[in-house]
Visitor: 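Would you mind keeping the following structure in view while I ask a few things?
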Amino acid sequence: MITTYTTPALITKQNRTAEHIFNRYKINANSIEEIATNTALKEINPNFLVTVLNVFCDYKKINLKLFENYSLPIIIDYLIRSHTYYSEKIIPEIGQSITQLLNNYEKGHPLLEILYKFYFKYKVDLEAHFKDEESGLFTYGSTLYKAVYFKKNCSFFIEFLQQNSIRDFIDTHTDTTDDLKNITSILLEYTPPKTNETSYRILLEKLKNFVQDLEVHAFIEDEVLLNKLYALEQRILLEHNN
């Protein structure tokens, strides 16, 4: 069990994917200082970071109650950090792995067109998805939070919420892992030549880890964030009606 007294070096040694969590918070994954020390001067909630790290150790059994005590700004901050990390680190690395893999395939091999077409379309679609969430959902959440706790723009929300709800967002929210799972299935249909076995294995591992990361990300968005937003909407309406 990871605690605020555990060091990033120990956590990363036991679970290499934890390095990605530390990276998005600009924490040295090889640090031998405790998490509490690493976060002290960074305006990072150490308990939230520990919660996320523990979730990644067993992401198939995420308990919604783990996130109950964390404020909306902390949740949104994590989601935005993740978007940035995916765009600046994960997606480019997957692109590099695809290029390395295909360098040893003969011209005209079906994987060339399949992988390049997948990569560029997925990159564009994912970045558009992030942009829509940040300008729409996250901005809405931050503004709603200020309305509830700092009484800013309350009249707007009271009028708006009489006909709308964050629940409407669920119907239009798309899955970001489907294409990754599909391309992984396609890759598994091909047996790489001996010269490509390492590149092939590395790409599959990157895709698998990214799917895992995105599934945790989706849970925090769809279950944690949306539930918190809905609770704030009900709170502001209740306060108005009373």
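We use all heavy atoms of the structure for the numbers below, so side chains are in, but hydrogens, waters and symmetry mates are not.
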Visitor: Is there a path of hydrophobic side-chain contacts, each under 4.5 Å between heavy atoms of I, L, V, M, F, W or Y residues, that connects Phe22 with Tyr5?
Guide: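 Cluster IDs for Phe22 and Tyr5 differ.
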Visitor: Answer with yes or no whether the hydrophobic clustering places Ile32 together with Leu10; edges join I, L, V, M, F, W, Y residues whose side-chain heavy atoms lie under 4.5 Å apart.
Guide: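 No, because Ile32 and Leu10 fall into different hydrophobic clusters, even though each may have its own neighbours under 4.5 Å.
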Visitor: Could you go through Met1 and Asn54, starting from their C-alpha distance and side-chain angles, then the distance that decides it, and tell me whether this counts as side-chain contact (heavy atoms from CB on, under 4.5 Å)?
Guide: CA-CA 7 Å; Met1 182 73 172; Asn54 278 310; 3.8 Å; yes
Visitor: Are Tyr85 and Ile44 connected, step by step, through hydrophobic side chains (Ile, Leu, Val, Met, Phe, Trp, Tyr) whose heavy atoms are closer than 4.5 Å?
Guide: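 No, Tyr85 does not connect to Ile44 through the hydrophobic network.
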Visitor: Answer yes or no: are there more than 12 heavy-atom neighbours, outside Gln163 itself, under 6.0 Å from its atom CD?
Guide: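 Count not over threshold, so no.
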Visitor: Relative to the ring of Phe156, is the ring of Phe160 parallel (under 30°), tilted (30 to 60°) or perpendicular (over 60°)?
Guide: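 Parallel, since the angle between the ring planes stays under 30°.
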Visitor: Within a strict 4.5 Å, meaning less than it, do heavy atoms of the Thr3 and Ile35 side chains meet?
Guide: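 A side-chain contact is absent here, since even the closest heavy-atom pair is not under 4.5 Å.
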Visitor: Measuring from atom OG1 of Thr7 to atom NZ of Lys13, what distance do you get when rounded to the nearest 0.5 angstrom?
Guide: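 Thr7 OG1 to Lys13 NZ: 10.0 Å, rounded to 0.5 Å.
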Visitor: Write down the atom of Ser87, the atom of Pro92, and the distance for their closest heavy-atom approach.
Guide: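 Shortest heavy-atom contact: O-CD, 3.3 Å.
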Visitor: State whether the side chain of Lys228 and the backbone N or O of Glu68 hold a donor-acceptor pair below 3.5 Å, judged by distance alone.
Guide: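 Between the backbone of Glu68 and the side chain of Lys228 there is a qualifying donor-acceptor contact (under 3.5 Å).
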Visitor: So how far is it from Leu214 CG to Ser82 OG, rounded to the nearest 0.5 Å?
Guide: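 Between Leu214 CG and Ser82 OG, I get 9.0 Å after rounding to 0.5 Å.
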Visitor: Between Gln234 and Glu239, does the side-chain contact (heavy atoms from CB on, under 4.5 Å) criterion hold? Intermediate values first, please.
Guide: CA-CA 9 Å; Gln234 297 307 300; Glu239 289 176 354; over 6 Å; no
Visitor: Just by modelled atom types, is the Asn23 backbone N or O under 3.5 Å from a matching donor or acceptor in the Lys26 side chain?
Guide: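 No.
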Visitor: Any idea which heavy atoms bring Asn15 and Cys57 closest together, and the distance?
Guide: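 Looking at all heavy atoms of both residues, the shortest contact is ND2-SG, 3.9 Å.
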Visitor: Between Glu197 and Lys194, is there a side-chain N and carboxylate O pair less than 4.0 Å apart?
Guide: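 Yes, charged N to carboxylate O under 4.0 Å.
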Visitor: Can you tell me if CG on Leu238 sees more than 12 non-hydrogen neighbours from other groups inside 6.0 Å?
Guide: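 Correct, the count exceeds 12.
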Visitor: Find out whether Leu137 and Leu229 are in side-chain contact, i.e. whether some heavy atom of one side chain is under 4.5 Å from a heavy atom of the other.
Guide: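 Sidechains of Leu229 and Leu137: in contact.
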Visitor: Sub-3.5 Å donor-acceptor pair from the side chain of Asn38 to the main-chain atoms of Ser31, do we have one?
Guide: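 Absent.
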Visitor: Please report the interatomic distance CG(Leu79) to CD(Glu134), rounded to the nearest 0.5 Å.
Guide: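 With rounding to 0.5 Å, CG (Leu79) is 9.5 Å from CD (Glu134).
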Visitor: Any side-chain heavy-atom pair from Phe48 and Asp77 closer than 4.5 angstrom?
Guide: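 SC-SC contact between Phe48 and Asp77 ruled out.
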Visitor: Which pair of heavy atoms, one from Lys206 and one from Ile94, lies closest together, and at what distance?
Guide: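 Taking every non-hydrogen atom into account, CB-CG1, 4.3 Å.
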Visitor: When you group the ILVMFWY residues by side-chain heavy-atom contacts below 4.5 Å and let the links chain together, are Ile90 and Tyr25 in the same group?
Guide: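 Different hydrophobic clusters.
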Visitor: Could you tell me if the side chain of Ile186 sits less than 4.5 Å from the side chain of Phe118, heavy atoms only?
Guide: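 Phe118 does not reach Ile186 side chain to side chain.
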Visitor: With a 3.5 Å distance limit and no angle check, can you tell me whether Asn182 reaches the backbone of Asp178 through a side-chain donor-acceptor pair?
Guide: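 Confirmed, Asn182 side chain pairs with Asp178 backbone.
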Visitor: Quick check: is Leu203 connected to Leu188 through a chain of hydrophobic side chains (ILVMFWY, heavy atoms under 4.5 Å apart)?
Guide: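 Yes, it is one cluster - the side chains of Leu188 and Leu203 are joined through contacts under 4.5 Å.
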Visitor: Any side-chain to backbone donor/acceptor pair from Arg81 onto Arg24? Under 3.5 Å, distance only.
Guide: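 Judged by distance alone, yes, a pair lies under 3.5 Å.
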Visitor: Does the side chain of Ile220 come within less than 4.5 Å of Leu225's, by heavy atoms?
Guide: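 They are not in side-chain contact.
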Visitor: If you count the non-hydrogen atoms of other residues, nucleotides and ligands that lie under 6.0 Å from CD in Glu43, is the total more than 12?
Guide: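 Result for CD/Glu43: open.
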Visitor: Do Asn45 and Leu49 make a side-chain contact, defined as non-hydrogen atoms from C-beta onward lying under 4.5 Å apart?
Guide: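 No, side chains not in contact.
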Visitor: Quick one: pull up CD in Glu93 and NE2 in His20 and give me the separation to the nearest 0.5 Å.
Guide: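 If we round to the nearest 0.5 Å, Glu93:CD and His20:NE2 are 6.5 Å apart.
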Visitor: Is there side-chain contact between Leu207 and Ile183, with at least one heavy-atom pair below 4.5 Å?
Guide: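 When only atoms from C-beta onward are counted, Ile183 and Leu207 do touch, with a gap below 4.5 Å.
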Visitor: side-chain contact (heavy atoms from CB on, under 4.5 Å) between Ile11 and Ile21: does it pass, once the steps are laid out?
Guide: CA-CA 11 Å; Ile11 297 166; Ile21 307 302; over 6 Å; no
Visitor: Quick one: which residue pairs count as a ring-ring contact (aromatic ring centres under 6.0 Å, His included) with a foot in residues 183-217, not counting sequence neighbours?
Guide: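 Matches after skipping sequence neighbours: His83-His217, Tyr86-Phe210, Tyr86-His217, His109-Tyr190.
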Visitor: Would you give the length of the straight line joining atom CG of Asn104 to atom OG1 of Thr195, rounded to the nearest 0.5 angstrom?
Guide: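 So the CG of Asn104 and the OG1 of Thr195 are separated by 4.5 Å.
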Visitor: Can you confirm if the NZ or CZ of Arg235 lies within 45° of the ring axis of Tyr149 and under 6.0 Å from the centre of its six-membered ring?
Guide: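 Yes, Arg235 and Tyr149 form such a contact.
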Visitor: Grab the two heavy atoms, one from Leu237 and one from Ile158, that are nearest each other, plus how far apart they are.
Guide: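 Leu237 and Ile158 have their closest heavy atoms at CD2-O, 4.2 Å.
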Visitor: Name the residue from Phe56, Tyr70, Tyr78 that meets the side chain to side chain contact (heavy atoms under 4.5 Å, CB included) definition with Thr51.
Guide: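 Single pass found, and it is Tyr70.
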Visitor: Measure from the side-chain N and O atoms of Thr37 to the backbone N and O of Glu33, and report whether any donor-acceptor pair falls under 3.5 Å.
Guide: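 No: the side chain of Thr37 does not pair with the backbone of Glu33.
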Visitor: For a quick test of reading the model, state the closest non-hydrogen atom pair linking Glu223 to Asn227 and the distance between them.
Guide: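 Distance-wise, the nearest heavy atoms are O-ND2, 2.5 Å.
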Visitor: For Lys123 and Glu127, what are the C-alpha separation, side-chain angles and deciding distance, and is it a salt bridge (charged side-chain N to carboxylate O under 4.0 Å, His left out)?
Guide: CA-CA 6 Å; Lys123 181 176 183 292; Glu127 289 179 351; 3.5 Å; yes
Visitor: Counting N and O atoms only, with roles assigned by atom type, does the side chain of Thr6 sit under 3.5 Å from a partner on the main chain of Ile2, one being a donor and the other an acceptor?
Guide: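 Not confirmed, Thr6 side chain does not pair with Ile2 backbone.
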Visitor: Can you name the nearest heavy-atom pair linking Ser142 to Ile76, along with the distance?
Guide: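 Shortest heavy-atom separation between Ser142 and Ile76 comes out as OG-CD1, 3.7 Å.
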Visitor: Could you measure the distance from the CG atom of Leu232 to the CD1 atom of Ile166? Nearest 0.5 Å is fine.
Guide: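 It is 10.5 Å, given to the nearest 0.5 Å.
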Visitor: Can you list everything that forms a side-chain hydrogen bond (donor to acceptor under 3.5 Å, both in side chains) with Glu233? Sequence neighbours excluded, please.
Guide: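 Tyr140, Ser165.
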Visitor: For Phe130 and Ile80, what are the C-alpha separation, side-chain angles and deciding distance, and is it a side-chain contact (heavy atoms from CB on, under 4.5 Å)?
Guide: CA-CA 9 Å; Phe130 292 163; Ile80 291 176; over 6 Å; no
Visitor: Is there a side-chain contact between Lys208 and Thr184 (heavy atoms, below 4.5 Å)?
Guide: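 In short, these two side chains do not touch, never coming nearer than 4.5 Å.
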